[in-house]
Amino acid sequence: MTEAYFPQEIEKRWQKIWEENNTFHTPDNSEKPKYYALSMFPYPSGKLHMGHVRNYTITDVIARFKKMQGFNVLHPIGWDSFGLPAENAAMKHGADPAKWTDENIAYMTKQLKMLGLSYDWKREVTTCKPEYYKWTQWLFLQLYKKGLAYKKEAAVNWCNTCGTVLANEQVIDGKCWRCDSVVEKKFLSQWFFKITEYADQLLEDLEKLPGWGDNVKTMQANWIGKSHGAIFRFKVKEIEGMEVPVYTTRPDTVHGITYLVVAPEYKDIEKLTTPENKQAVEEYRANARKMTEIERLSTDRVKTGVPLGTHCINPFTGEEFPLWTADYALVEYGTGAVMAVPTHDTRDFDFAKKYNLPMKVVIQNPENPSDCKDEAYTEEGILINSNEFDGMKNTEAKTAITQKAVDGGFGEFKTQYRLRDWLISRQRYWGAPIPVVYCDKCGIVPEKEENLPVMLPTDVDFSVIGKSPITTSKTFKDTTCPICKGHATREMDTMDTFVCSSWYYLRYTDARNSEKCFDKDLVNKWLPVDQYVGGIEHAILHLLYSRFFTKALRDCGLLDFDEPFKNLLTQGMVLKDGSKMSKSKGNTVDPDEIFENFGADTARLFILSDSPPARDFDWSDAGVEGCYKFLNRVWRLASEGINNGDILKDYNFSFPLSRENDDLVRTVHIAIKGITNDISNDFQFNTVISKYRELTNAIYDWRGKKGQLNGEDKNVFTFAVESLIKLMSPVTVHMSEEIWHEFGHENSIHDEKWCEWDENLAKASKITLVVQVNGKVKDKVEVDEGLSDDKLKQTALSTDKIKELTAGKEIVKTIVVPKKLVNIVIKG
RNA sequence: GCUCCAGUGGCGGAAUCGGUAGACGCGUUGGACUUAAAAUCCAAUCGGGGUUCACCCUCGGUGCCAGUUCAAGUCUGGCCUGGAGCACCA
C-alpha cells in the first residue's frame, strides 16, 4: 500500500468499479425493510454549487448508513428541468432550451458521480422529457375530473419581466421570487388547482408529522391562516333587496360598527355608488388599480378611501352607517367587505381618525376603562352599549352574538382561510403544456388520455418579445376537438414547474413505466419518503404543494397514504465569510476545484464536519485542509499497519486482554455506540466526525505506547482500524473502500453490515467520581465501574480534601448519582 | 405588529435524564525533526486573583434579571439581541 494518499486516482477507480458492478442498484423485491432517502432534486442550472454538495452528501450518508443497517434503501436522483432559466438562455443565445438543459444535466451528472453519491441511476427522472411530462399532464386530467383543476377569471399576480403570472406563494414581499421585479395585479382567466379544498387537512395533518421541524410547520400553518369568525349580512338602505355580507373575527364588537368598507374591486361596488359619488369612486378605483401590490399593502401607508353615498343598517341596533370603499379591504379575502369598528381595531381606528368618522366603545376592561380616543382597545373585556349583551365577557359574546344572527337569518358562523387556490398557468414555453383544448362548439375540453403527451412544439421563435414563444408555433395551436372532431385551439399556457416537482418522488418508484404514471403497489410500498432533505426555502412552496398533491391523488384512488414525507431535514445554507455564497458577491467556492485539489472524500467530510446539518455552515479553506490532513492521518495508520505487518487478514482475540488492549477495545465499542446514536439521533454528523477523530487519536496513542506489536496487539489493532474504516465508510466512501481492499477483503465495504457494540464493553473500566460540596466540584477520584452507591459515598467522604472541607461541619445530606457524582451538603 | 428559531472561548461548535461547562476541530503560541522549508509529531490555549510558580490553590463565567433545586448552559417567569417567515387576512 502506498504511503501517500492520492484521492483523485482512488476515487476515479472506485467510481468506475461501482458503476460496472451496479453496487447501488435498488431492487424492488427484497426481504429487507424499506427505507426511502430523498434529496430535493436539482434544477439543472449549469454547475453544482456547495449547497447541492451539502444537501446530497447529507442524504447520501443517511442512505449508506441505513443500507449498512440492513435496509433496502431507495436513493434516487432526477432533474427539475422545466423553467424559466432555460428559456431565458435560449432567448439570449438563440439556442434551444432542450439542448441547454441536456448539456447542463450531462455536466452536473458528471459532478454528482465525482462526489461518489450512491444513486440508483436507473431510476433517474427528468421532468422536461415527454416520458415524464406525459404523466404530469395525465395527473392534471385526473385533478380536472375530480373538479380540483378549474379555470377562472381572477385578480392574479403578473411579473412583467418574466412575462407570466405567478402563484401567491411565488410572490415574496410583493416581488417575483425569481427575478425580484415588482409584481402587478391583472385580471386574467387562468387555471387553478383547488388547494383551498384541502386547507383544513393540510393544517390538521401537520400534527401527523413529528419528524418535521416546528419552524416549517408553523410557517405552513400561518400560510394556511385558519381563523374563526362570522358572516353578517347588512341590508342596504337605499337599494331594496341588496345586502352586503362581511366576514369578521370580532362578532362581539358588532354594536360598535360606525361604517362599512368594501374593496375597490368589490363586485357590487358600482350598484352601491350613488350618482353624486360616482366620479370620486371611479377615480379612487382607477388609482388603486395603478398602484403596485407593494404600495397598496404597505402597512405604514396612510389609509385612504371615499364614501359611496349609500348606507347599511345594523340588524342588531337598527343604526344606519355609511358605506365606503378603501384599499385596505382586500377583495380576495373573506367577502371583500369589512365592518369597521374603530374603537376596537387599529386599522379602522386610523381610518376613522383621518376621515372624522364616529366611534362607539363597546368593549371595556372594567379595571382600566379606555375611552378609545387615542388608540383602539383590542384586548379582551366586558361588553357595554350592546343591549342585552351588556356585561357579558367578549369571548362569550362572540358565540352569543353570532347565534343571534343565525337565529335572525342575517348571519352564520364561518371558518376562513388565508390560503388561496394555486394558480398553475404560465404564459411561457418551457413547461408541460396544459392538456386542454378550446372547441368552437364544446368549449373547454380536456385532451383524451390516449393522446398524451401533448408535445411541446419545436417550431418556435425564441426571439419574440412580449408573448410566449409557444404562440409562434405554426403546428401547435390548431387542432381538433376530442369530442366533436370540429376545429379547436390548444391551451397555449404551460404548467408551473412546481406542478412537475409535486409528484416526482412518486415516479422514482417506477421511473421507466410507460403504461402508467406509477405502479400502485410499488408506490404504496416505497412511500412515504422516510427522510427528505432540502433547503428551507421550500418550506411553503414545494412542500405544501406536494402535500396537497398527495392528498388529492389519494382521493383520486391512486395512493393509500396521506403525507408524502415522514421526516424532513431542512439543511442550513453554505456561507463564506459570513454571507451566502453568490456569484454577485464573488464568494463562491467551486466544487470541481475542491474535488481536484483534495478529492471528494475531503469535500464530503468537511461539509458535514463543522455544523449540525440544520444550521448554516461557514466554508473555510483552513477547515478543508484540516479534513484533508485528517484523512492523511487515517491513511497513514492503515498503510503503516499493512507495511509493518501489523494488520492481519482476519482478527481474532479473546478476553481477558491486557489492560491497554482492553482499554482500546472498549474505546472502539464506545465509538461505535456513540457514532451510531449520533447518526440515528437527528443526523448529528459534526459530532460523528469528532468521534472519528477521537478514535483515530486513541489508536495512535495506543500504538505509540506499544512500539512493537505482539500477536494479541496485532489482532486488537486490526480490529480497531478496521472498525474505524467501516464507521467512516458512509462519509469517506472511496478511501474506506480502498483501505478495505488493501486489508485483503474481496467484497465492497458498502455491502458490509454496520458495526455492532457490546453494552458491557461500551464503557470505560474505570470511572471518574466527581465529589461536590454544596454543588461545587471539589475533588475527583478514579474508581472501579460498578461500585454501590454506599461505597461511592464512603469513597467520597474519605478523601483528604473532603475530610478537610467537612471537618467540624454538619453534613446535612449526601446525594449520590450512580456512576457519576457525590454531592455533600454541609452547613456552617 | 404576530409566529418560529437561536444566543456557550479568538472562531465553528460539544455537553441523553438537571449532575465535571468548553469534547472535537480551526486559529494562535512554544517546542521536536530538518542545512532550510513543507509534511509530521509533542505541548499550551475561558477570564481574574494567589502562590512555596512545570505542580497547585482560589474566585468568576454559557445574552440580561429573577425563581425552582443539594445541583441550572439545560427547567419556570420576565426582558434584551440576532436571524427567518408572515403581515392592512378584518
Side-chain angles (χ1 to χ4, degrees), chain A residues 4 172-174 213-223 225-227 229 246-250 253 260-261 263 296-301 303 326-330 332-341 344-348 350-351 378 416-420 536-537 539-540 575 578 606 609-612 614-627 629-630 632-633 636 674 677-678 681 684 686-697 700 704 768-780 812-826:
Chain A
I172 316 286
D173 285 337
D214 283 339
N215 52 344
V216 177
K217 284 193 279 187
T218 40
M219 272 160 76
Q220 291 210 355
N222 290 344
W223 187 260
K226 185 177 187 174
S227 67
V246 303
Y247 171 73
T248 180
T249 53
R250 294 296 306 273
T253 64
L260 198 145
V261 183
R296 253 192 83 167
L297 296 183
S298 164
T299 41
D300 329 319
R301 206 174 119 238
K303 292 185 179 29
D327 59 11
Y328 81 90
L330 307 173
E332 319 95 277
Y333 186 75
T335 62
V338 185
M339 61 176 230
V341 184
H344 305 297
D345 181 281
T346 52
R347 294 152 303 185
D348 298 343
D350 294 343
F351 192 82
T378 54
Q416 182 72 37
Y417 300 91
R418 228 186 54 111
L419 184 70
R420 312 285 153 80
I536 184 80
E537 66 274 17
I540 292 172
L575 312 175
F606 176 58
S609 66
D610 268 8
S611 301
R615 268 201 238 177
D616 286 351
F617 174 85
D618 208 358
W619 184 274
S620 84
D621 296 336
V624 181
E625 278 168 42
C627 285
K629 282 183 194 172
F630 171 65
N632 273 284
R633 204 165 134 78
R636 246 187 347 266
N677 287 344
D678 283 357
N681 207 349
Q684 297 178 52
N686 54 329
T687 57
V688 167
I689 287 161
S690 74
K691 286 177 173 111
Y692 292 161
R693 291 177 187 272
E694 282 175 355
L695 180 55
T696 307
N697 291 345
Y700 262 106
T768 306
L769 180 71
V770 173
V771 187
Q772 298 182 331
V773 174
N774 288 348
K776 290 192 191 280
V777 180
K778 293 294 174 188
D779 207 358
K780 294 171 192 178
V812 183
K813 64 171 155 178
T814 311
I815 289 115
V816 180
V817 182
K819 295 174 191 184
K820 247 185 196 145
L821 158 153
V822 176
N823 186 16
I824 300 155
V825 186
I826 59 171

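In the text below, chain A, chain B and the rest are named by the order of the sequence lines, each starting its count at 1.
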Query raised in the report: Under 4.0 Å between a Lys/Arg side-chain N and an Asp/Glu carboxylate O for Arg250(A) and Asp345(A)?
Result: no
Which whole-number value in Å describes the distance from [X] [atom1] to [N] [atom2]?
{"X": "Ile824(A)", "N": "A71(B)", "atom1": "CD1", "atom2": "C1'", "result": "13 Å"}
{"X": "Leu821(A)", "N": "G18(B)", "atom1": "CG", "atom2": "C1'", "result": "11 Å"}
{"X": "Lys813(A)", "N": "G19(B)", "atom1": "NZ", "atom2": "P", "result": "17 Å"}
{"X": "Leu260(A)", "N": "A90(B)", "atom1": "CG", "atom2": "C1'", "result": "11 Å"}
{"X": "Lys629(A)", "N": "A38(B)", "atom1": "NZ", "atom2": "C1'", "result": "10 Å"}
{"X": "Arg636(A)", "N": "C41(B)", "atom1": "CZ", "atom2": "P", "result": "5 Å"}

Requested in this report: Taking all non-hydrogen atoms of both residues into account, name the closest pair between Val338(A) and Ala329(A) and its distance.
Outcome: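 So the minimum-distance heavy-atom pair works out to CG2-CB, 4.0 Å.
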Query - Heavy-atom pair with the smallest gap, counting every atom of Cys627(A) and Ser609(A) - result: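 Smallest interatomic distance, heavy atoms only, reads SG-OG, 4.0 Å.
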Which part of the nucleic acid, if any, lies within reach of [X] when heavy atoms closer than 4.0 Å are counted: base, sugar-phosphate only, or nothing?
{"X": "Gln684(A)", "result": "sugar-phosphate"}
{"X": "Arg693(A)", "result": "sugar-phosphate"}
{"X": "Lys691(A)", "result": "nothing"}
{"X": "Gln772(A)", "result": "base"}
{"X": "Ala539(A)", "result": "nothing"}
{"X": "Lys217(A)", "result": "nothing"}
{"X": "Val817(A)", "result": "base"}
{"X": "Asn697(A)", "result": "sugar-phosphate"}

Report task. Determine: side-chain N/O of Lys780(A) to OP1/OP2 of U20(B), distance under 4.0 Å, yes or no. Result -> no
Query - Phosphate contact (C86(B) OP1 or OP2) by Arg418(A) side-chain N/O below 4.0 Å - result: no
Report summary line: Answer for the Watson-Crick or wobble partner of C86(B), both distances under 3.5 Å, is G1(B)
Query raised in the report: Does G22(B) pair with anything, Watson-Crick or G-U wobble, both distances under 3.5 Å, and if so, with which nucleotide?
Result: none
Report task. For this output row, return yes or no: ring centroids of Phe606(A) and Phe617(A) closer than 6.0 angstrom. Result -> yes
Report task. Would you please say whether a donor-acceptor pair under 3.5 Å links the side chains of Arg418(A) and Asn222(A)? Result ->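 Checked: Arg418(A)/Asn222(A) side chains show no N/O donor-acceptor pair below 3.5 Å.
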Report task. Taking atom P in both C75(B) and U81(B), compute the distance separating them and give it to the nearest angstrom. Result -> 22 Å
Query raised in the report: C88(B) base to Lys303(A) side chain: any donor-acceptor pair below 3.5 Å?
Result: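 Indeed there is one.
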Query raised in the report: Has the side chain of Asn215(A) got a donor or acceptor that lies under 3.5 Å from a partner of the other kind on the base of C5(B)?
Result: no
Query raised in the report: Taking it one step at a time, do Leu575(A) and Asp618(A) satisfy side-chain contact (heavy atoms from CB on, under 4.5 Å)?
Result: CA-CA 5 Å; Leu575(A) 312 175; Asp618(A) 208 358; 3.8 Å; yes
Query raised in the report: Mapping Thr335(A) and Asn632(A) onto RNA chain B by nearest heavy atom, which one lands closer to the 5' end?
Result: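 First, find each residue's nearest nucleotide; the 5'-ward one identifies Asn632(A).
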**Report entry** Glycosidic conformation of C4(B), taking syn as within 90° of 0 and anti otherwise
**Finding:**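 Base orientation: anti.
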